[in-house]
Amino acid sequence: MADAAEIQGPSASPARRRLRRAGALLAGAPLLAGLLQLTAAEPAQAAPADSVSVALDSLTPSAPTEDDTLTVSGTVINNGRQSVTGAHVGLRVGPLLNTRSAIDGIAQHPDDLRAGTGDEVGGKYTEKFSKLVPGVAEHFSISVPVDELDLGKDGVYSFGVSVSGKTSARPWDQMLGIERTFLPWQSSEADTKSRTTIMWPLISSVHMTARTGAGERQTPVFQDDELAKEIAPGGRLAQMMDLGRDLDVTWVIDPDLLAAVDAMASGYRVQQPDGTSKAGSRENQDVAKQWLAGLQKAVTGKEVVALPFADPDLASLAHTGTSVTGSLSHLKDATDVAALTVKTVLHVTPTTDFAWPVDGAVDPSIIKVATSAGADRVIASSDSLRESAGLSYTPSAARPIGGGTTAVVADARMSTAFEGDLTKADTSTLAVQQFLAQSLEANVQKDEQRSFVVAPQRTPTASQAQAMATAVKALQDGNWSQPDTLTGAANAKPDPDATTRIPSTSAYPSSLRKRELPRSAFEQIADTQDKLDNFQVILTDQSRVVTPFGRAINRGMSTSWRGQAAKADGFRADVLSYLDNLGGQVKLIDKSETKLSGRSATIPVTVQNNLVQPVGHLYLRLSSTQPTRLKIGGKAYDEQPVEVSGGHSQSVKFTTSANANGRATVLAQLYTEDGQEYGDPVSFDVKVTEVTPTVMLVIGGGVLLLVLAGFRMYTQRKRAAARQAGQEGPDEAEADSGNPDDAGGRLPEESGSPTGAAGPDQPGDPAPDTAPESADPSGTGERVDR
């Protein structure tokens, strides 16, 4: 053909050339159609309907070295309708991955047959199956010396496990399924090792309420018994403690968790649906003691970072809480109590200068709030502080962001490697390999030591914790990284080219903002604090109330409430309701109508204290709404100090004076020493029936006139009788006395005592020196002291 091409005849005419081209096109049409059909058929061949899924359940060692033997095990399942014959499982080593993004791509589509799969390791390093029946899982295990893998330079390699075979519809050998992962390869000690900090979080949800028992111990009341399950052997927190003991990690602890377990160990109660509570089991108390004892040993010699008490939601505080007065003060309280709680329970002194916003997402307002309580190091995510200088490597974690504050940037890829459902062995294995691959790839990017921080999810599940522990152990046994503390990472020399720009508030992820605590939550907390401030001033032992309610307020703004708005609102409402209940135990007793039957009297008002402790620093004010008719202590109102022992009542007496008959309304109100009203007022009526000095003077004057008139009549008659007796003589007198018609002829006024005083029932009796009791029936009114 080459020769023929060289021999050229006469030049063809244009018409002939056009015909020749048309003929060529017609002749090539079938070939083009066949090529198109073949191209269209390729994806079907790459992903046949009769596919087989591969699950990589184990890969050990996770980061092999030269003298190791790599063992891979798992299962294959025929998902098609036809049996697969002549099947075998083989290992495939792909190309060296040069970027962290390439690792991301494989991790997103590990079973994609169309992607690069690498060459199969030949020879005897396969496992064969004569038949794979549809729907039946078959186990495989393959071991191969690492030197048989022909790995080249150090770095991360794509690594896959594939299954090939035939079906009746496709009777030729073909790849039917694959599971791709990563093989970190650092054959010997790296010249430069990165320093990696692993944050190991011990955080739970809110468990304790504000309620406590009435005794001296104030037995705490729990919302439920879920915490006992978490710390029991096999539970999530029990495994976190057991796994972390053997790792070189920085423990990041919520002091509220320690307080709750410590309270459980000493005896606790569990709230019931009907509002009552029952005693927690002795078995759970023993579990709590064992968990605390184990944790005390686990943290010995390790760095412990204490979060503010109850792990407050810093982003919610920054975005909505700061608009409510007093919200930031609760963050300061939570920070102050954190170190004391950890030191008391674990007997170690923690670091308290780290703040950890949710998912490490930050903006200027979050940084401001996070540092307001004393923290000068904020744990952020590299997803928040994205590099904008086009760096070809991952910079160190420490970033000075101004004002003496350091952002400790956690690597987002490594930190999120253990999210999702890791209950299956294959997903757990892939997570471990992906984590190690990202760590090694970050290290080989630059021949200069850098510090990396891993900040996993706050509350890993038991399966996630197990995968984390497996990866961290492999990393710490590997050849390219060495452990570091969180403080060490924060103090490391920052990279001058790394970004220090905090993203704007508008850049805060909307998915996180939707789950924040609303403004109403902080208003509810502020209301609770106001009532607590008013209540505590009357108590002789304020700690019995301030401590449990102060910690309950901290729990009301916990990060653990994200996504649980209804439960969070219910918790805060219960705290406020219980506080109202306690405050209502000190109150005024209602009074019915009181009758005042004199110009002055004392009115008692009773204060009842149903608390177990004495109360004081209270004043009781009694006010008259009609001071022209009724005065209290000579004026419109009077007040007296009040002190009442626990479980007792105290009557406080007020002197009153009346100026006119009728009803007067009286108002009794308790006040604290600072002039704040305490509790509800009590209103009652006072009915006045004898009043005013003027009326008394009139009555007294009338009585005096009657007495004077009677005395005058008496003296006149006595003189007349004496004159008559002197004129008649003795005989006449005797004659008169014997006359029956004159017996008892003397006037009643003259038949009294020898001195001539009037009898006891006569108008001449002297007036009483006190006003008589009211003649009106008592009805429902109260008698008063006079």
So, do [X] and [Y] sit near enough that their side-chain heavy atoms are less than 4.5 Å apart?
| X | Y | value |
| --- | --- | --- |
| Leu317 | Phe522 | yes |
| Val644 | Val586 | no |
| Leu582 | Phe535 | yes |
| Asp359 | Leu512 | yes |
| His319 | Arg513 | yes |
| Thr606 | Leu588 | no |
| Asp484 | Thr196 | no |
| Leu331 | Leu314 | yes |

Would you say the side-chain atoms of [X] and [Y] include a donor-acceptor pair closer than 3.5 Å?
| X | Y | value |
| --- | --- | --- |
| Arg572 | Gln524 | yes |
| Ser323 | Arg519 | yes |
| His330 | Ser327 | no |

Sequence neighbours left out, what pairs pass salt bridge (Lys or Arg N to Asp or Glu O under 4.0 Å) with at least one residue falling in residues 269-294?
none
Of all pairs that satisfy salt bridge (Lys or Arg N to Asp or Glu O under 4.0 Å), the ones with a partner from residues 401-422, not counting sequence neighbours
Arg100-Asp411, Asp104-Arg413
Do Arg377's NZ or CZ and the ring of Trp356 fall within the cation-pi criteria of under 6.0 Å and 45°?
no
Donor-acceptor contact below 3.5 Å, side chain [X] vs main chain [Y]:
| X | Y | value |
| --- | --- | --- |
| Gln613 | Thr540 | yes |
| Ser382 | Ala412 | yes |
| Lys302 | Leu247 | yes |
| Arg236 | Ala462 | no |
| Thr197 | Thr485 | yes |
| Gln223 | Val206 | yes |
| Gln536 | Val545 | no |
| Asn609 | Ser645 | yes |
| Trp291 | Glu230 | no |

Below 4.0 angstrom, N of the basic side chain to O of the carboxylate: do [X] and [Y] qualify?
| X | Y | value |
| --- | --- | --- |
| Asp311 | Arg458 | yes |
| Asp225 | Lys229 | no |
| Asp246 | Lys473 | no |

side-chain hydrogen bond (donor to acceptor under 3.5 Å, both in side chains): pairs with one or both residues in residues 250-261, sequence neighbours excluded:
Thr250-Glu303, Asp256-Arg555
Taking everything shown except Lys587 itself, do over 12 heavy atoms lie less than 6.0 Å from its NZ?
no
Asp527, CG atom: more than 12 neighbouring heavy atoms under 6.0 Å
yes
Pro456: which of Met468, Met414, Gln464 passes side-chain contact (heavy atoms from CB on, under 4.5 Å):
Met468
Quick check on side-chain contact (heavy atoms from CB on, under 4.5 Å): which of Ile366, Val408, Ile401, Thr371 does Val378 satisfy it with?
Thr371
Under 6.0 Å between ring centres: does that hold for Tyr619 and Tyr671?
no
Taking all atoms of both residues into account, what is the closest heavy-atom pair of [X] and [Y], and its distance?
| X | Y | result |
| --- | --- | --- |
| Met240 | Ala465 | SD-CB, 3.3 Å |
| Ser384 | Pro503 | O-CG, 3.5 Å |
| Thr219 | Gly267 | CG2-O, 3.6 Å |
| Ser558 | Ala310 | OG-O, 2.9 Å |

Kindly assign one of parallel, tilted or perpendicular to the pair Phe418 and Phe435, based on the angle between their ring planes and the thresholds 30° and 60°.
tilted
